[in-house]
Amino acid sequence: MMDVEVISAVWRDGHISLKDKNEKVIQQTGTILLATGFKSLMPGKDWLTPVIRSHDLRFAECGYPIVSQSLQWGPGLYVTGALAELEMGPISRNISGARQAAERIVNSL
């Protein structure tokens with residue numbers, strides 16, 4: 001198991017070379033069983049910032065929404081996924097988090 005940031009992968013001669021930001025080979029393998037991850041930036045920041053301002057939505061210093069327990073950010077506006085992370089924690093970004101978010105939202109309606 002490895003916990004590294006892979007920037008690129010190159011398939012050559014039956015092997016996959018995983019490279020870091022300096023193009024250094026981190027690992028060479030024939031199979032990748034699982035690769036996952038995300039950037040810790042607020043998704044949609046470019047289009048979301050004007051929406052936040054125009055609707056006077058609350059947000060934390062990091063830019064993420066401050067939402068209710070039911071994931072409501074504004075009147076009729078609910079969030080899921082990464083935008084629900086401050087309320088739900090890291091689980092919000094995966095399938096289990098999506099299920100829990102849906103349950104919270106539906107139960108509040």
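In this text, all values refer to a predicted model and were calculated from it rather than measured experimentally. Positions are given from 1, in the same order as the sequence printed here.
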With a 4.5 Å limit on heavy-atom distance, are the side chains of [X] and [Y] in contact?
| X | Y | result |
| --- | --- | --- |
| Glu5 | Asp20 | no |
| Pro65 | Phe59 | no |
| Gln100 | Ile91 | yes |

Closest approach of [X] to [Y] (non-hydrogen atoms, all atoms of both residues):
| X | Y | answer |
| --- | --- | --- |
| Tyr78 | Ser70 | CD2-O, 3.4 Å |
| Ile52 | Gly63 | CD1-O, 4.5 Å |
| Ser8 | Val6 | O-CG1, 3.3 Å |
| Met88 | Leu71 | SD-CD1, 3.7 Å |
| Ala82 | Tyr64 | O-CE2, 3.2 Å |
| Ile16 | Ala9 | CG2-CB, 4.1 Å |

Verify the cluster assignment for Ile66 and Val79: are they in a single hydrophobic cluster under the rule of side-chain heavy atoms below 4.5 Å apart?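 No; tracing contacts between hydrophobic side chains, which count when under 4.5 Å, never links both residues.
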Would you kindly confirm whether Ile26 and Val10 end up in one hydrophobic cluster when ILVMFWY residues are joined by side chain heavy atoms under 4.5 Å apart? no
Stepwise, does the side-chain contact (heavy atoms from CB on, under 4.5 Å) test hold for Leu77 with Leu57? CA-CA 10 Å; Leu77 177 63; Leu57 299 170; 3.9 Å; yes
Nearest 0.5 angstrom please: [X] [atom1] to [Y] [atom2], how far?
| X | Y | atom1 | atom2 | answer |
| --- | --- | --- | --- | --- |
| Arg104 | Ser68 | CZ | OG | 9.0 Å |
| Ile7 | Lys24 | CD1 | NZ | 14.0 Å |
| Arg12 | Gln28 | CZ | CD | 9.5 Å |

side-chain contact (heavy atoms from CB on, under 4.5 Å), that's the test. Do Glu87 and Val67 meet it? Break it down for me. CA-CA 7 Å; Glu87 178 62 32; Val67 300; 3.7 Å; yes
May I ask you to decide if Gly89's main-chain N or O and Ser92's side chain share a donor-acceptor pair within less than 3.5 Å? yes
If you count the non-hydrogen atoms of other residues, nucleotides and ligands that lie under 6.0 Å from CG in Leu109, is the total more than 12?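 Atom CG in Leu109 is crowded, with more than 12 foreign heavy atoms closer than 6.0 Å.
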Charged N-O contact under 4.0 Å between Arg93 and Glu85: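 Answer for the salt bridge query: yes.
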